[in-house]
Protein chains: 2
Amino acid sequence: MNKPLTAIDNCSSCPIRHRAVCARCDDDELVELNGIKFYKSYSAGQTIAMRGDALDVVASVVSGTATLERAIEDGRTQLVGLLLPSDFIGRPGRATLQYDVTAVTDVTLCCFYRKPFEALLVRIPHVQERMLEMALDELDAARDWMLLLGRKTAREKIASFLMLIAKRTVHPDGRVLGNTSRIELPISREAMANFLGLTIETVSRQFTGLRKDGVIELDGNRSVIVPDLETLLLESGDDSDGGPLI
Amino acid sequence: MNKPLTAIDNCSSCPIRHRAVCARCDDDELVELNGIKFYKSYSAGQTIAMRGDALDVVASVVSGTATLERAIEDGRTQLVGLLLPSDFIGRPGRATLQYDVTAVTDVTLCCFYRKPFEALLVRIPHVQERMLEMALDELDAARDWMLLLGRKTAREKIASFLMLIAKRTVHPDGRVLGNTSRIELPISREAMANFLGLTIETVSRQFTGLRKDGVIELDGNRSVIVPDLETLLLESGDDSDGGPLI
DNA sequence: CGACCTATTGATACGTATCAACCCGAGTGG
DNA sequence: CCACTCGGGTTGATACGTATCAATAGGTCG
């Protein structure tokens, strides 16, 4: 499913070249990054790292989907990040990982050892600028997610989640709204439940409810057809005047 | 209640000198910051800025408490940030504000016009480094908050909130746990409810419950005495092995 | 003193969790 | 080729936690 590594071992042909931490780098800087990067792949279901692990490596997601989650002892789990291609894993300046990272599909990472990467942050301001921009974007996303978790109903949560995936998936230059669209769900019902602060049963019931009301159609477990994205947006409880998210 | 502006108009005597965006600056850089900063004060209850406003100014909280919140049309509101001294308001590179910002106590801000501040970010890497560090800290805090909102019970939410305030309030060098402590609540029951994804009535009931169980004592509406912080920590549902947050 | 705001307490409703059964497609092995 | 099992998903009955609606209490200010 993933491109073989050989196809992307040169940064200039990398699929996340223009969205990841390296987005602003010029050719010279890219050469430097290229020199210290290495790829690592994980198969679906595999644990990439666990809370408390030493954080020796930071990485960008090149392909596939991973999750960031936080758990309490009694088993309750909250997904706190959905890592899609171009998203960054790990944090410069911190020695241990705060969250569990899991590959939900086959995943390929573009990795850097943390120490040299930190040194590089200082030398190449373009990387640091992009890191800051990405961190602030994630912060905004996290805050929207807090509104969802704290104040939205189960149905609104599901609709919001579908909109989120639709937005992240669609061509960055393309329009999103106003027409039929197929949404490929990157995660299972259980992961969705953990993302939305719900149980798997409630997630399932809300899918059924939205289907019966004609808002969505289901095509297998991992694919949703949305006849009218505007209707779905209304169900999500989000302001229409929210401004462009990407 | 606040120090008069004249007492802090020199950066070197500023109370947030070592925690705000300027924390890593040397004396020369401080002079440059000093040259373009200006103070602005708001009284308790005042709106500092609203969602959609042009973001011409960015600022650090010097004293007082402000909130960042997100609302949906029907009145549901979620607090997405609690801004205490040294916290930063606004985002370089973005032209409009995403959240409503309100002063909950009298607040003094150290302001910069956004454009010159952005230029300064490029010139003074120390500021950008610190901005990145602070953004990542906030991201971690937001993720912890997502766990709270999505998975914790009302009682755990209240206990977690009290622990959060205790941690932010205590002397940065001082120990927190193991002894009696008085926590001054910076916000009203309503704001707490909006922070925790609860109603004001539930917040009140949980306070009563924790009081009846001897976990806390109430001294007026804005002050909580905690006989044993360890007990409160247990009530919060957080792992004890969570590592130091600050 | 009365008006008002914030917080508390009470009665009840409602949404989601919980517990349990069932369905379905994919492997797997006889 | 079919029976079996297994994991993920759906559906149903019921329980429980928190929201909602309503009344009361306490403090502050005019």
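Quick note: numbers below take in every heavy atom, side chains included, and nothing from hydrogens, waters or symmetry partners. Sequence lines set the chain letters: A, B, ... in the order given, protein chains first and strands last, and positions in each chain run from 1.
Among the protein residues, A/Gly220 comes within range of no part of the nucleic acid, since none of its heavy atoms lies under 4.0 Å from any strand. Residue-level contact check: A/Gly209 touches neither bases nor backbone, having no heavy atom under 4.0 Å from any strand.
Closest-nucleotide positions on DNA chain D for A/Asn221 and A/Arg151 were compared, and the one nearer the 5' end corresponds to A/Asn221.
Of the listed residues (A/Asn194, A/Leu68, A/Leu149), just one forms a side-chain contact (heavy atoms from CB on, under 4.5 Å) with A/Gln78, and that residue is A/Leu149. Across B/Ile183, B/Thr231, B/Val215, a single residue satisfies side-chain contact (heavy atoms from CB on, under 4.5 Å) together with B/Val226, and that is B/Ile183.
Interatomic distance, B/Asp137 CG to B/Met134 CE, rounded to the nearest 0.5 Å: 8.0 Å.
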*Working for salt bridge (Lys or Arg N to Asp or Glu O under 4.0 Å), residues B/Arg155 and B/Glu235*: CA-CA 7 Å; B/Arg155 172 185 268 239; B/Glu235 292 285 354; 3.0 Å; yes
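The distance from atom CD1 of A/Ile158 to atom C1' of D/dG9 is 13 Å, rounded to the nearest whole Å. Taking atom CG of B/Asp219 as the reference point, atom C1' of C/dA7 lies 15 Å away to the nearest angstrom. For the pair A/Ile200 CD1 and D/dT11 C1', the interatomic distance rounds to 13 Å; values are reported in whole Å. Distance, A/Arg222 CZ to D/dG8 C1': 9 Å, rounded to whole Å. Here D/dG17 presents its P atom at 12 Å from CZ of B/Arg155, a figure rounded to the nearest Å. If you take CD of A/Gln206 and P of C/dA17, they are 9 Å apart, rounded to a whole angstrom. One can place CG of A/Leu210 at 12 Å from P of D/dT10, the figure rounded to the nearest angstrom. Following rounding to the nearest Å, B/Glu190 (CD) and C/dC5 (P) show an atom-to-atom distance of 12 Å.
Between B/Trp145 and B/Phe195, the ring-plane angle classifies as tilted under the 30° and 60° cut-offs.
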What's touching nucleotides 24-26 of chain D from the protein side, N or O pairs under 3.5 Å?
none

What's touching nucleotides 20-22 of chain D from the protein side, N or O pairs under 3.5 Å?
{"from": "D/dT20", "atom 1": "O4", "to": "B/Arg205", "atom 2": "NH2", "distance (Å)": "2.9"}
{"from": "D/dC21", "atom 1": "N4", "to": "B/Glu201", "atom 2": "OE2", "distance (Å)": "3.0"}

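With D/dG9, C/dT16, C/dA7 as the choices, the nucleotide that has an atom nearest any side-chain atom of A/Thr153 turns out to be C/dT16. In this structure, of D/dT11, C/dA7, D/dT18, it is C/dA7 that holds the atom nearest to the side chain of B/Arg189.
Between B/Arg19 and B/Asp87 there is no salt bridge, since no side-chain nitrogen of the basic residue lies less than 4.0 Å from a carboxylate oxygen of the acidic one. Between B/Arg143 and B/Glu138 there is no salt bridge, since none of the side-chain N atoms of the basic residue sits less than 4.0 Å from a carboxylate O of the acidic one. Salt bridge B/Asp144/A/Arg70: present, at least one basic N to carboxylate O contact under 4.0 Å.
Residues that satisfy the side chain to side chain contact (heavy atoms under 4.5 Å, CB included) test with B/Asp56, not counting sequence neighbours, are B/Ala54.
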